[in-house]
Amino acid sequence: MTDEKILFIPKIENGHVIDHIPAGLGSGILAIVGFHPELSGIPVTLGMNFKSRRLGTKDLMKLQIDELPPAFVRHLSLIAPGVTIKRIKKFKVERKIVAEPPEIINGLLKCPNPNCISNSERHLRTCFHCLEKKPMVFACNFCERHFAIEELEPILQVAAKPSLVVKA
Amino acid sequence: MKKDLISIDDLKLKKIREFLDLAEKIEKLPDTDKKALLSGKVLAALFFEPSTRTRLSFEAAMLRLGGSVIGFSDTVTTSVSKGETLKDTIFTVENYADVIVVRHPREGAARVAAEISRVPIVNAGDGANQHPTQTLLDLFTIQKFFGKFENLKIAMVGDLKYSRTIHSLVQALVKFDKVEFHLVSPDTLRLPDHIKAQIEEKGNPLIETTDLSSAMSCCDVVYMTRIQRERFPDALEYEKVKDCFCINLEMTKTARTGMKILHPLPRVNEILPEVDSTPFAGYFEQVKNGLIMRQAILAHLLGAL
């Protein structure tokens with residue numbers, strides 16, 4: 001597996017690696033990179049569908065920037081809570097943090113309960129409250145059901161509209 | 001600030017006790033005083049799905065407190081059938097009424113209504129989620145029969161998996177100390193783990209069984225529920241369990257003295273009519289208490305009590 005990584009995504013000397021991105025979510029994260037002007041023009045590499053012991057398959061992103069804007073990190077934790085952010089210095093991992101889920105997530109995740117009002121009422125912003133962080137469990141503000149983070153589907157098209165980006 | 005009643009989970013123990021005290025207070029009021037409580041106030045009953053006793057009891061509660069009632073009991077003849085959103089319906093109706101009672105097939109509908117409405121919202125059932133006024137009237141009934149909740153042994157029988165009434169009642173009862181739960185259900189209809197976890201977290205004794213007779217012989221309250229045909233995707237699975245718990249006269253002979261059988265109604269075969277005239281039958285008293293509790297809720301939300 002390590003060999004494949006080297007083959008497809010070369011190591012970076014300095015910058016940040018966003019690891020353990022659930023497969024398929026990488027393109028969503030790439031979309032939000034475009035909303036943060038501080039990240040404009042930096043080299044970004046996205047790898048998709050790598051094998052992962054934890055997730056089965058995962059996406060991986062590398063950004064060649066020394067400091068990630070805090071607003072981007074907060075935004076990332078809304079879109080993909082649980083991903084690992086590694087700071088790379090001279091090809092080595094200098095620091096590693098897990099993007100913690102926020103207490104409340106507004107408008108960015110879809111309720112998997114088909115009978116939840118948030119799936120039928122037009123223009124209603126979804127809202128989830130974090131109940132537990134390990135493992136991550138959220139309660140839908142409307143139908144009150146509890147879900148593991150893996151069950152919550154990101155509303156990527158919302159993230160693709162700058163005007164609807166949640167205040168980080 | 002506007003008050004709503006959306007979920008039993010929103011209520012702390014103190015608030016639940018406040019509703020129970022208010023119901024007791026309103027029950028003792030003379031009819032003439034009751035009639036003056038909500039005089040000139042209008043209740044809108046928005047029933048987006050069918051209901052008999054909940055709708056009638058809310059309407060009766062409002063009328064007996066001197067108020068009046070508008071609303072609908074199906075959506076066929078309303079703008080909802082033309083595709084109107086719940087939000088627009090609420091924005092419209094709040095101009096006509098002082099309080100809105102909502103029953104809706106979608107879970108969370110009452111919460112949405114409460115977030116946007118300027119007038120109080122009462123949840124009269126939202127899909128399989130919550131039915132807080134049923135829970136409050138159940139608690140009121142238990143309090144009237146036993147005068148307390150602490151150390152009571154309560155059997156919940158039947159469909160513990162899908163019944164929102166059971167889920168809400170468990171969530172309310174765990175707020176009281178030392179309630180002992182006896183969960184009587186077929187294996188396929190056991191209480192969901194996340195609700196069971198709430199009982200265990202509080203350290204309440206919990207017994208799971210399929211033996212209704214033994215639960216009846218040791219419990220103070222036996223809360224029956226209907227096995228809901230509409231919840232079963234497979235008709236054969238429904239046939240296997242539909243009549244698995246049925247209380248007849250013979251079974252009451254071994255019941256604990258003072259035991260009360262409750263049921264949110266409507267019943268099918270869970271309690272035979274021969275039990276109705278025994279001192280164990282508490283379900284018609286429960287219906288009466290529903291009216292009183294809903295009067296207390298309406299009066300409280302409208303600031304009259």
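Residue numbering restarts at 1 for every chain, and letters A, B, ... go by the order of the sequence lines.
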Carboxylate-amine/guanidinium contact Glu144(A) Arg111(B), below 4.0 Å:
yes

Residue Lys15(B) excluded, over 12 heavy atoms near NZ under 6.0 Å
yes

Compare every heavy atom of Phe142(A) with every heavy atom of Asn129(B), then report the nearest pair and how far apart it is.
ND2-O, 3.8 Å

Where Gly83(B) and Arg122(A) come nearest, the two heavy atoms and their spacing:
O-NH2, 3.5 Å

Under 4.5 Å between any side-chain heavy atoms of His104(B) and Ile117(A), yes or no?
yes

Could you tell me whether a side-chain N or O of Asp126(B) sits under 3.5 Å from a main-chain N or O of Cys143(A), the two making a donor and an acceptor?
no

On a heavy-atom basis, the closest approach of Ser120(A) and Arg106(B) is OG-NE, 3.4 Å

Quick one: what part of Asn141(A) sits under 4.5 Å from any heavy atom of chain B, side chain, backbone, both or neither?
both

Flag, side chain of Glu121(A) to backbone of Lys87(B), donor-acceptor distance under 3.5 Å
yes

